[in-house]
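Working notes, structure below.
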Amino acid sequence: MKVFGSSGTRGVANEELTPGFVLRVAKAAGTAWGSGADGGAECIALARDTRYTGRMLADAAASGLASTGTDVDRLGIVPTPGAQAYAEREGVPVMVITASHNPPQYNGVKLVGPNGVELSVATLEGIEEILLTESFAVAPWDETGRVREVEGVRRAYVDQLLEAVDRENIADADLTVALDPGHGAGALTSPDFFRELGCRVVTVNGQADGHFPGRDPEPVPDNLEDLGRLVRATDADVGIAHDGDADRAIFFDENGEYVEGDATLAALAAAELEADDVTVSAVNVSQRLVDVVTEVGADLELTPIGSTNIITRIQELAANGERIPIAGEGNGGVFFPEYRLSRDGAYTAARFLELVAERPASEVVAPYGGYANVRRNVEYESTAERDAMLDAAANQANTSDAELNTRDGYRLDYGDAWVLARPSGTEPLVRIYAEAREADRAEELAGDMCDALTEAKVNA
Ligand code: MG
């Protein structure tokens, strides 16, 4: 795919991602999905996050959709999972104007099907084909779509969340939640949600603001120091941070310490998985989740990196009758497929609160701390060098007792530890990742892989 990557299409607003481009994406989506298409939708919904350029780009999208003859329901500012909940409830596709965790100057487009699930690669390729060949449906003037504003979508999303979680258990624990929605779409839904769950809520960066004055939308430790301080200052039980469209949740414990997303995923998985269940993650999955899966007697399936790949694999496994109660990556994006096949930051946070209701957050994640991660890069100058290095990575698997996974680079699982060699998508280098409980072990595996690749490069 050229236009749509594994998480939609994104770029700097008004430079790469212009109103003209969004108009054409909307015309393509309207052509593929709309009332002119076989079994198409009478109406397509349109949502956005808080970005300053969101309204400008959503206006272009509304025009493009309506020009194909399809009605447009404008939902306003809604977290992406709220837009997905709307799609599922109303059975209509949704076009979401969001750049998720990217910096403020970015914007983008995500496309959600009428089942509330992000579109598959195959469906996106069909839309891309229409876009690149400009074979757009054009409605006669008196059959162009009607555009209307829909009220109350955020409220309906919060109500649906409240229905989906163990409200009583959380309320009984009398928790204080320090919340950092990062000026994103979650600022308009998560404070109400946690309050109505019976928590005391204190916020930082709690105003919806498309300039993101307090912090950038990505919930990484450097952007979240204020949240750690807020947890300590208010004696909160937990800190919760979202990205710009609130499909992710990152946590701080009651001491104001940042919790690795991999540790949270492992803790949630340990609470959720039973023997013979399957969970799905990407090839850079942490040993923390591997250990949980081994302990429980469940299966772990690995996909190439990117949420679209995880969604596709979950659908395949579910079609085969497998139970997949949880899946996701260590970046705070977690799927609970029995709830909905989408990442939902507020829902994920509530599931974590269910655990914090039982014992302090630091104890919830303690079993999944203390793993050592090592990263190395090996540069190359020609494809011959790169290919020789990748052959050497495969060979490392043949000459050891590791289990090899080649879905995205070369991942060698040793049971107690793993190493991954994966060519960068953007730079001429192969990245090496290793993880183990002991730092020495991770260093050894990364070092061995690094040596093998370097030797192959020299001999190429
Ligand atoms: Mg996001």
Side-chain angles (χ1 to χ4, degrees), residues 4-13 17 46-54 57-58 75 77-87 94-113 116-119 124 154 157 161 179-190 193 205 208-210 212 214-221 223-224 227 240-251 261-262 264-265 281-282 305-311 327-336 339-352:
F4 296 102
S6 60
S7 49
T9 179
R10 291 190 205 157
V12 174
L17 204 92
L46 179 61
R48 62 189 168 98
D49 68 17
T50 55
R51 283 163 200 277
Y52 176 65
T53 54
L57 296 173
L75 311 184
I77 297 174
V78 190
T80 296
Q84 293 180 288
Y86 183 88
V94 189
M95 184 167 172
V96 187
I97 306 296
T98 175
S100 189
H101 63 268
N102 284 63
Q105 65 271 30
Y106 281 75
N107 217 325
V109 179
K110 264 186 202 178
L111 298 173
V112 174
V117 179
E118 276 180 54
L119 293 190
L124 284 175
R154 291 191 296 265
Y157 169 54
L161 281 168
L179 178 68
D180 181 352
H183 304 298
L188 299 176
T189 49
S190 279
F193 172 51
N205 306 317
D209 187 329
F212 301 92
R215 73 158 166 98
D216 267 13
E218 184 159 25
V220 291
N223 290 337
L224 300 176
L227 178 58
I240 300 169
H242 292 313
D243 66 332
D245 66 338
D247 60 348
R248 286 159 53 184
I250 285 289
F251 300 91
D262 284 312
T264 312
L265 178 61
S281 192
I305 292 169
S307 63
T308 311
N309 298 311
I310 294 182
I311 291 169
E329 296 172 272
N331 62 1
V334 182
F335 293 89
F336 294 89
Y339 160 66
R340 186 183 309 109
L341 192 44
S342 71
R343 308 189 302 184
D344 187 326
Y347 182 77
T348 301
R351 298 306 303 266
F352 191 70

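Counting starts at 1 for both ligands and their atoms, following the listed order. No experiment lies behind these values; they were computed from the predicted model shown. All values below come from the heavy atoms of this structure, side chains included, with hydrogens, waters and symmetry mates left out.
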Protein-side N, O or S atoms sitting under 2.8 Å from the Mg ion (ligand 1) are S100 OG, D243 OD2, D245 OD1, D247 OD1

Counting N and O atoms only, with roles assigned by atom type, does the side chain of S342 sit under 3.5 Å from a partner on the main chain of P81, one being a donor and the other an acceptor?
->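 Looks like no, no N/O pair under 3.5 Å.
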
Any donor and acceptor pair, going by atom type alone, linking the side chain of R48 with main-chain N or O of L75 inside 3.5 Å?
->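 Side chain of R48 to backbone of L75, a donor-acceptor pair under 3.5 Å: no, none is there.
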
Residues two or more places apart in sequence or in another chain: which of them pass side-chain contact (heavy atoms from CB on, under 4.5 Å) with A349?
->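 Partners of A349 under the side-chain contact (heavy atoms from CB on, under 4.5 Å) test: F194, I240, A249, F251.
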
Qualifying residues under side-chain contact (heavy atoms from CB on, under 4.5 Å), relative to V12, sequence neighbours excluded = E15, E16, Q105, Y106

Under the salt bridge (Lys or Arg N to Asp or Glu O under 4.0 Å) rule, collect the residues that match up with R351, sequence neighbours excluded.
->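 In terms of salt bridge (Lys or Arg N to Asp or Glu O under 4.0 Å), with neighbours along the sequence ignored, R351 is linked to E272, E354.
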
Let me know which of E329, H242, H101 forms a side-chain hydrogen bond (donor to acceptor under 3.5 Å, both in side chains) with R248.
->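 Checked E329, H242, H101 against R248; only one passes side-chain hydrogen bond (donor to acceptor under 3.5 Å, both in side chains): H101.
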
